[in-house]
There are 2 protein chains.
Amino acid sequence: MASVLPLSGLRQSPEPLSWLNSIIKGDCVAALEALPDQSVDVIFADPPYNLQLGGMLTRPDQSLVDAVDDEWDQFASFEAYDAFTRAWLLACRRVLKPSGSIWVIGSYHNIFRVGAMMQDLNFWILNDIVWRKTNPMPNFKGRRFQNAHETMIWASRDPKAKGYTFNYDAMKAANDDVQMRSDWLFPICSGGERLKGEDGKKVHPTQKPEALLARVIMASSKPGDIILDPFFGTGTTGAVAKRLGRNFVGIEREQDYIDAAAARIAAVEPLGKTELTVMTGKKAEPRVAFNVLVESGLVKPGQVLFDQKRRFSAIVRADGTLASGGEAGSIHRLGARVQGFDACNGWTFWHYEDEGQLKPIDDLRARIRAGLGKLAD
Amino acid sequence: MASVLPLSGLRQSPEPLSWLNSIIKGDCVAALEALPDQSVDVIFADPPYNLQLGGMLTRPDQSLVDAVDDEWDQFASFEAYDAFTRAWLLACRRVLKPSGSIWVIGSYHNIFRVGAMMQDLNFWILNDIVWRKTNPMPNFKGRRFQNAHETMIWASRDPKAKGYTFNYDAMKAANDDVQMRSDWLFPICSGGERLKGEDGKKVHPTQKPEALLARVIMASSKPGDIILDPFFGTGTTGAVAKRLGRNFVGIEREQDYIDAAAARIAAVEPLGKTELTVMTGKKAEPRVAFNVLVESGLVKPGQVLFDQKRRFSAIVRADGTLASGGEAGSIHRLGARVQGFDACNGWTFWHYEDEGQLKPIDDLRARIRAGLGKLAD
DNA sequence: TCGGTTCATGAATCCAGCT
DNA sequence: AAGCTGGATTCATGAACCG
C-alpha cells in the first residue's frame with residue numbers, strides 16, 4: 001500500500017498538492033494511483049535493467065565485482081519484464097501532461113524492450129541520448145568491448161505533441177554555442193557524491209550522477225515544473241530538481257532508499273532565481289510587428305528597402321506592408337515571393353540604407369525592444 | 001526470384017561455393033534460401049530504418065533537405081516492420097554458424113524494435129556500439145538535440161555461445177593499449193568515398209563509411225571468414241571484407257545498387273598477409289605448459305618460487321607441479337589455494353629469483369615462445 | 001599556385017500561436 | 001479544428017570558385 005511522506009515543500013500553492021515534493025512509498029504502479037491525470041511535466045525513470053548475470057565476476061586480481069543482484073532486478077523472463085514495463089509506462093502516461101515528456105535510462109539488457117514498448121504505447125521518441133562514461137568499468141574477461149555507455153530515451157507523450165519543453169538556446173550556450181549533441185560525456189557517480197552507509201558500502205547499486213540529471217532537467221523543464229521519478233532510489237532526481245527550482249515526486253519501495261533520499265534532499269539548498277535564469281533565444285522575445293517601426297518613425301512610408309546584395313528592393317507602405325513590382329505583402333511574404341521561396345524572415349532579409357550602408361531592419365526592431373523607439377527621429 | 005551474380009572470387013576451394021564473393025539479387029529472405037545452414041561466420045545488416053517523416057524539411061537558408069523517402073523504407077505500421085524484421089533475422093539465424101555473430105545498425109526509429117526482436121529470437125547481445133558521428137546533420141528547427149549517432153547491436157547466435165571471434169588484443173592495440181570502448185567516433189561517408197552517379201547525385205542514400213565496417217570486421221572475424229550482408233546496398237561490407245582478406249556474400253534487390261557495388265568491389269585490392277597479421281595477444285599465442293619450462297631447464301626441479309611479496313613459496317617438482325605445505329598442484333591451482341581464491345594466474349603470481357630479484361615465471365614463458373629456451377642455462 | 005570565400009549536403013520521425 | 005501567418009532555425013566537410 002502506498003503512503004505519502006511529505007518533505008519540506010518548495011511550492012506554496014493555494015491548493016497544496018499533498019504529494020508534491022514528497023516520496024511516495026510503494027510499488028510504482030500502485031503508488032501512481034495517488035496522482036491525478038495529466039499532473040506532471042517531466043518523468044525521469046531509471047527502471048530495473050533486468051541484468052542477466054551468469055554468476056560471480058572477478059577481476060584479474062581475483063577481487064569480486066559487486067554486481068547488481070538485488071531482488072528488484074530479477075525477472076523470470078522477457079515476457080515478465082515486458083509486462084512490468086508496460087504497466088509502469090501506462091501508469092506514467094496517465095499522469096503525464098499532454099505537453100510533457102519522459103526520459104528512460106537503460107542499458108542494452110533492457111533498453112531495446114523499453115524503447116519498443118514506448119513506441120507501442122504511442123510515445124513519440126524525440127532523441128536517444130548516449131551517456132558516455134568517462135570512467136566505465138572495464139571488461140575483465142576480454143571477450144567484449146568495454147561497455148562504456150548507457151542509453152536514455154527522450155519521448156513526448158503523443159506523436160504530434162508540440163508543447164514539450166526544450167531549452168534549445170540554453171543547451172546550445174552550454175555547449176560552446178553549438179547545438180547540444182545526442183552523446184553526453186559524464187563520469188559515473190563516485191567520490192563524495194556517492195551515498196555510503198555507515199558500513200562504508202554504497203547505499204544504492206545504481207546511483208546516477210547529479211550532472212546527468214541536471215542536464216536532463218535543464219533541457220526539458222522550466223522552473224516550477226513537476227518532475228516525477230517512479231524509481232526514486234536514493235533521490236538523485238529529487239535532489240537535482242530541488243536545487244534547480246523544480247518540484248518533484250518520487251516513488252520508491254525500499255525504506256532504506258527512502259530514508260537516504262529524504263535526508264539527502266533536505267540538505268539541498270535551492271539555487272536563486274538569478275542562477276536559474278537560462279539563455280533564451282529570439283523565440284522568447286516579445287513580438288514586434290513591422291508596423292510598429294513605421295508608426296514610431298524608424299521606418300518611413302515610401303522608404304526603399306533592399307536585400308543585402310541589392311538584388312531586390314521594395315517600398316514601405318503606410319500600413320506596414322511592402323510593395324515591389326506589382327506584388328505586395330508583409331516583409332516576410334514579400335521577401336519569400338521575390339526570392340521564389342516558401343518562407344523568409346523579413347527581419348533579416350530586408351535592409352535599410354544608413355549613411356550609405358545597408359543594415360538589416362532587425363536592428364531597428366532591436367531598438368524598439370530596448371525601449372529606444374521614442375528616441376528615433 | 002533470387003539469382004546469383006558471381007564476381008571475381010577471393011577463395012579457391014576444392015568445392016567452390018557458387019554464392020561466395022557474389023551478390024545475390026533478390027529479396028533478403030528469399031535470397032537467403034540459396035545459402036546452406038550454418039555457413040557464414042559474421043553477418044552485418046543495415047536494414048531499412050522505417051523513418052516516419054512528416055513532410056519536407058528546409059534548412060535555415062530555405063534549401064531542401066534530401067530526405068530518405070525511398071519506397072524500400074516505407075512500412076505501414078510497427079507491426080509490419082516487426083514482421084519484416086522477424087523474417088530476415090530468422091533467415092539470417094539459419095545461415096549463421098553457431099560460433100558466429102551478427103551486427104545490426106539502426107537509429108532510434110528502428111533499433112529498439114530490432115533489439116527486442118533479436119532477444120526474442122534468442123540472439124544474445126554482446127554489446128551495443130554507438131557510432132558517434134564527427135559531422136552529423138544539424139537539427140534545423142532547434143526542437144531536439146542534434147541526432148549525432150547511430151547504434152549497432154552485436155550479438156552471438158545463442159546465449160551460451162563461446163566460440164564467437166573477438167580480436168580483443170587487436171582492438172586494444174588499435175586503441176592506444178586500452179580496451180576498445182563501446183562508443184566509436186567516425187565521420188559520415190562523404191568526399192571521394194561516397195559513390196556518386198553520373199548526375200553527381202549520391203547513388204545510395206545511406207552509404208556507410210568503410211572505416212566503420214573495417215572496425216566491425218577486424219574485431220569480429222578472421223581472415224578467410226565469410227561475411228554476409230543481407231542489405232548490401234552499394235557494397236561497403238563487400239569492399240571492406242575483400243580488402244581485409246575475408247569472403248563476402250551480399251544480398252540486394254535494386255539492380256542499380258548491385259551494379260555500383262560490383263564495380264566498386266572489383267576495384268578493391270586485397271591487403272597482403274603481412275598487413276593482415278593482427279596484433280594477437282597472449283590468448284592467440286601457442287600454449288606453453290609449465291612443464292616445458294622444467295623440461296627446457298629454465299626452471300629446475302627443487303627450485304623455490306615465491307609470490308611477489310614473498311608471502312608464499314612453493315617447490316617445483318619434476319612433473320611440472322608445485323608443492324607447498326602439504327598441498328600440491330599446478331602453478332594455477334596452488335596459487336589459488338595458498339591465497340584462498342577460486343582461481344589464480346600462476347604465470348603472473350609465481351616468481352623466480354634471479355640475481356636477488358624476483359621475476360614472474362611468465363618472463364620465462366616469453367623466452368620459450370621467442371625460441372630462446374635452448375639458450376638458457 | 002595559393003589562400004580565402006561561397007556553396008552544397010548528409011538516415012531527420014524538426015514551429016507556435018492565433019483566428 | 002483546420003488553416004493561416006509571423007518569423008525562427010545549422011555544423012562539418014569538401015568541392016567550386018575567385019582574386
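Letters A, B, ... mirror the listed sequences (proteins, then strands); counts begin at 1.
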Student: When you measure from the centre of the six-membered ring of A:Y164, is the NZ or CZ of B:R144 under 6.0 Å away and within 45° of the axis?
Tutor: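 So B:R144 doesn't make the cation-pi contact.
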Student: Salt bridge between A:K172 and A:D169, side-chain N to carboxylate O under 4.0 Å?
Tutor: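 Not counted as a salt bridge, because no side-chain N and carboxylate O are separated by less than 4.0 Å.
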Student: C:dA12 P sits how many Å from B:D73 CG, rounded?
Tutor: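 In whole Å, C:dA12 P lies 11 Å from B:D73 CG.
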Student: Using the P atom on both, measure C:dC18 against D:dA8 and round to a whole Å.
Tutor: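 Roughly 15 Å separates the two P atoms.
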Student: Using the C1' atom in both, what is the distance from C:dC7 to D:dT10, to the nearest Å?
Tutor: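 That atom pair is separated by 14 Å.
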Student: If you measure from the C1' atom in D:dG19 to the same atom in C:dT1, how many Å do you get, rounded?
Tutor: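 Their C1' atoms lie roughly 12 Å apart.
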Student: Could you tell me whether B:T58 contacts a base, only the sugar-phosphate backbone, or nothing, with contacts defined as non-hydrogen atoms closer than 4.0 Å?
Tutor: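 Nothing: the residue B:T58, judged by heavy atoms under 4.0 Å, touches no strand.
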Student: What nucleotide among D:dC11, C:dA12, D:dA8 has an atom nearest to a side-chain atom of A:K172?
Tutor: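 Output: D:dC11.
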Student: Which whole number of Å gives the distance between the C1' atom of D:dT9 and that of C:dA12?
Tutor: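 To the nearest whole Å, 14 Å.
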Student: A cation-pi test, strictly: NZ or CZ of B:R215 under 6.0 Å from the centre of the six-membered ring of B:W184 and no more than 45 degrees from its axis. Yes or no?
Tutor: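 Judged by the rule, B:R215 and B:W184 form a cation-pi pair.
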Student: Is the distance from OP1 or OP2 of D:dG6 to the nearest side-chain N or O of A:H332 less than 4.0 Å?
Tutor: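 The answer is no; no side-chain N or O of A:H332 sits under 4.0 Å from OP1 or OP2.
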Student: Once you round it to whole Å, what is the distance between C1' of D:dT10 and NZ of A:K282?
Tutor: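 Taking NZ of A:K282 and C1' of D:dT10, I get 14 Å after rounding.
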Student: A:W124 has an atom CH2; how far is it from atom P of C:dA12, in whole Å?
Tutor: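 Taking atom P of C:dA12 as the reference, CH2 of A:W124 is at 15 Å.
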Student: Give the ring-plane orientation class for B:Y81 versus B:F75, where under 30° counts as parallel, over 60° as perpendicular and anything between as tilted.
Tutor: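 It falls in the perpendicular class, over 60°.
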